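Below is one structure, written out as structure tokens, with a few remarks after it.
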Amino acid sequence: MSDTMKDTSGESVLNVIKRDLSRTFPENPSFKDPVMLNNMQDILASFCLYKPEIGYCQGLNFIVGTLLLATKHKNGELLPEECFWLLVSLSEILPDYHSDKMTCLNNDCLVLEDLLRKTVPQTYSFVSTLGLPIQMFVTKWFV
């Protein structure tokens with residue numbers, strides 16, 4: 001992948017991906033394996049090229065990591081190509097979940113906020129007093 005591909009801030013997408021790799025499930029020993037990290041980087045970079053309208057956004061690293069673990073053969077062999085196509089399929093099932101505006105993700109956060117307000121008003125009241133959008137707390141749960 002060309003290192004000239006830039007995100008909206010002008011930073012190299014490959015640099016952003018590399019930085020996020022070390023943040024992916026840091027407590028899981030599988031994510032210290034260089035083969036795992038290289039596969040993740042290749043899948044994420046390939047996805048950016050295949051789906052430029054989505055590109056790379058934070059949270060995709062956790063999805064790819066989970067997919068790699070889920071598709072791993074019993075003998076420990078990783079299946080990066082299968083993982084890539086699963087990621088593509090997910091992006092087509094949930095097209096605006098990982099777009100630059102994250103429309104569906106924001107909608108799901110608002111639905112959760114409404115559920116909190118209706119079902120656990122004390123929690124909703126506490127979160128509201130913080131003056132921060134609910135997305136600050138729950139985005140990672142959804143992605």
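Source: prediction; values computed, not measured.
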At their closest point, which heavy atom of [X] faces which heavy atom of [Y], and how far apart are they?
X	Y	result
Leu14	Ala45	CD1-CB, 4.3 Å
Thr24	Phe62	CA-CE2, 3.9 Å
Gly55	Leu60	O-CD1, 3.7 Å

Taking only distance into account, with no hydrogens and no angle test, what donor-acceptor pairs under 3.5 Å do side-chain atoms of residues 29-36 form with protein atoms, sequence neighbours excluded?
{"from": "Ser30", "atom 1": "OG", "to": "Asn28", "atom 2": "OD1", "distance (Å)": "3.3"}
{"from": "Lys32", "atom 1": "NZ", "to": "Pro26", "atom 2": "O", "distance (Å)": "2.6"}
{"from": "Asp33", "atom 1": "OD1", "to": "Val35", "atom 2": "N", "distance (Å)": "3.1"}

Item to complete: Flag yes if Leu69 and Leu79 sit in one hydrophobic cluster, no otherwise; membership is Ile, Leu, Val, Met, Phe, Trp, Tyr, and two members link when side-chain heavy atoms are under 4.5 Å apart.
Response: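 Different clusters: Leu69 never reaches Leu79 through Ile, Leu, Val, Met, Phe, Trp or Tyr contacts under 4.5 Å.
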Worksheet, complete the sentence: By side chain to side chain donor-acceptor pair (under 3.5 Å), Asp114 pairs with (sequence neighbours left out) Arg117, Lys118
Practice prompt. Not counting sequence neighbours, which residues clear side chain to side chain donor-acceptor pair (under 3.5 Å) with Asp20? List them please.
Written response: Arg23, Tyr56
Atom [atom1] in [X], atom [atom2] in [Y]: separation rounded to 0.5 Å?
X	Y	atom1	atom2	value
Ile63	Cys57	CD1	SG	7.5 Å
Leu112	Leu116	CG	CG	4.5 Å
Leu44	Leu49	CG	CG	11.5 Å
Cys48	Ile43	SG	CD1	12.0 Å

Worksheet item: Is there any side-chain hydrogen bond (donor to acceptor under 3.5 Å, both in side chains) pair reaching into residues 79-88, and which pairs are they, with sequence neighbours excluded?
Response: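 Every pair satisfying side-chain hydrogen bond (donor to acceptor under 3.5 Å, both in side chains) with a residue in residues 79-88: there are none.
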Discussion item. Set out, in order, the CA-CA distance, both residues' side-chain angles and the distance that settles side chain to side chain contact (heavy atoms under 4.5 Å, CB included) for Ile17 and Met40, then state yes or no.
Written reply: CA-CA 9 Å; Ile17 291 170; Met40 287 182 63; over 6 Å; no
Distance-only donor-acceptor hits, side chain of residues 119-134, under 3.5 Å, sequence neighbours excluded:
{"from": "Thr119", "atom 1": "OG1", "to": "Leu115", "atom 2": "O", "distance (Å)": "2.6"}
{"from": "Ser128", "atom 1": "OG", "to": "Tyr124", "atom 2": "O", "distance (Å)": "2.9"}
{"from": "Thr129", "atom 1": "OG1", "to": "Phe126", "atom 2": "O", "distance (Å)": "2.6"}

Item to complete: Determine which pairs satisfy salt bridge (charged side-chain N to carboxylate O under 4.0 Å, His left out) with at least one residue from residues 124-137, sequence neighbours left out, and list them in order.
Response: none
Discussion item. Test side chain to side chain contact (heavy atoms under 4.5 Å, CB included) on Ile54 and Phe47; report intermediate values, then the result.
Written reply: CA-CA 9 Å; Ile54 295 175; Phe47 182 77; 3.8 Å; yes
